[in-house]
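Order of appearance sets the numbers: ligands from 1, and atoms from 1 within every ligand. Computed from a predicted model, the values in this text were never measured in an experiment.
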Amino acid sequence: LDKYKGIIPAFYACYDESGEISPERIKLLANHLYEKGVQGLYVGGSSGECIYQNLEERKATLKYVSESLKGKLTLIAHVGAPSTKESVELAKYAEELGYDALSAIPPIYFKLPESSIEKYWTEIMDSTELPFIIYNIPQTTGYNLSINLLTKLLKNDKLIGVKNSSMPVMDIERFKAAAPEEFIVFNGPDEQYVSGRLIGADSGIGGTYGVMPELFLKAEEFVVAGNFSEARKIQRDINDIIIALCSLNGSMYSTIKEIYKLRGINIGSVRGPLEPVSGEDLGKIEIIKNMIDV
Ligand code: HMN
């Protein structure tokens, strides 16, 4: 399971100038992140704007990333979708493409009983031979993974980990405590990367890694070396940057994409209802970029 340990950026949605999925730009971003030395990619999750893309678009993204990087990086496909049918279709497709693992949020929109959530994740797990990672993100889905459900699902050999994006770092510790030693817990909140690792997260998947992979790779290096004062300093820099990324009038992802444009890598903008950065705030992009690219 070492292939899941390290810095795993959540892959950004890549659009052309008219807002359609861009194969060229997907490949450009995939290769760029590969060259940075990250461990893997989490494709089609929150940062991939999965919720705003149809099935064909999500399949296309999975395909172009795997064409660029299969065998070079650990590739995790997020297949959570409104219906079980679509999730299973995406899961099977990701398996055909050679993805290493699958992941999914719980069902969204209707508030369903935990038994339905169990069934949803189980049907995805049973649909392929691939390992599965639960995506726990209660602030967007309204459901926080319970120890009770985790314990039940652990009977399925395919379940190898949880990507935990809830804010209490204690949740990471509780999931680790409830599962066998080799079970992987991924830190989700980038603002707490170092604390997440210290309390037991084995690895991290995050939405801001992609815009500043060097900083997360450095933080990880210091954590592994047991140099916590240096790790904390990097976390402080990271948090100053995340607050800046979230301070402009568009969504955080549009700020990140504008920074990418200034670096000469154009992956387009965001899809509505997410809003692009506009007006005076566009002038602030360079300042944020310089906080990262010092
Ligand atoms: C993904 O699925 O794209 C991300 O990994 C999600 C990730 O956990 C992010 N959480 C949310 O968006 C709620 C964080 O990386 C987040 O972007 C970061 O901590 C900045 O707030």
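- Between atom 21 (O) of ligand 1 and the options M252, Q139, Q192, E191, the minimum heavy-atom separation is to E191.
- Classification of E123 and K119 as a salt-bridged pair holds, one side-chain N sitting under 4.0 Å from a carboxylate O.
- Looking only at distances, no side-chain donor or acceptor of Q192 sits under 3.5 Å from a matching main-chain atom of P189.
- Side chain of W121 to main chain of I105: a donor-acceptor pair is present (N/O by atom type, distance under 3.5 Å, no hydrogens or angles).
- Contact atoms of ligand 1 toward K163: 2 (O), 4 (C), 5 (O), 6 (C), 7 (C), 8 (O) (distance under 4.0 Å to a heavy atom of the residue).
- For atom 14 (C) of ligand 1, the closest non-hydrogen atom on the protein side is G188 O, 3.6 Å.
- The part of Y253 lying near ligand 1 is the side chain, judged by heavy-atom distances below 4.0 Å.
- Judged by the 6.0 Å distance and 45° axis criteria, K27 is not positioned over the aromatic ring of Y64.
- Considering backbone and side-chain N/O atoms, T208 never comes within less than 3.5 Å of an N/O atom of ligand 1.
- The environment of CD in E275 is sparse: at most 12 heavy-atom neighbours from other residues, nucleotides or ligands sit within 6.0 Å.
- Close contacts of ligand 1 with S165, meaning ligand atoms under 4.0 Å from a residue heavy atom, involve 7 (C), 8 (O).
- With ligand atoms numbered from 1 in the order given, ligand 1 contributes 1 (C), 2 (O), 4 (C), 6 (C) to contacts under 4.0 Å with heavy atoms of Y135.
- Here the two rings, on Y42 and F186, have centers that are 6.0 Å apart or farther.
- A side-chain donor-acceptor contact under 3.5 Å links R58 to the backbone of H78.
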R197 vs E220, salt bridge (Lys or Arg N to Asp or Glu O under 4.0 Å): CA-CA, chis, key distance, verdict: CA-CA 9 Å; R197 286 283 280 118; E220 172 63 14; 2.8 Å; yes
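- Of the heavy atoms in T140, none comes closer than 4.0 Å to ligand 1.
- With sequence neighbours left out, the side-chain hydrogen bond (donor to acceptor under 3.5 Å, both in side chains) criterion links Q139 to no other residue.
- Less than 4.0 angstrom separates some heavy atom of I137 from each of these atoms of ligand 1: 11 (C), 13 (C).
- Taking every non-hydrogen atom of A10 and a distance limit under 4.0 Å, the qualifying atoms of ligand 1 come out as 1 (C), 3 (O), 4 (C), 5 (O).
- Of the heavy atoms in Y42, only side-chain atoms (C-beta onward) come closer than 4.0 Å to ligand 1.
- Scanning the protein heavy atoms around atom 15 (O) of ligand 1, the nearest turns out to be G207 N, 2.7 Å.
- Using a 4.0 Å cut-off between charged nitrogen and carboxylate oxygen, D293 and R263 count as a salt-bridge pair.
- Shown in contact with S47 at under 4.0 Å from a heavy atom are these atoms of ligand 1, numbered in order with element: 1 (C), 3 (O), 4 (C).
- Taking every non-hydrogen atom of P189 and a distance limit under 4.0 Å, the qualifying atoms of ligand 1 come out as 19 (O).
- The nearest protein atom to atom 16 (C) of ligand 1, hydrogens excluded, is given as D190 OD2, 4.2 Å; this is a heavy-atom distance.
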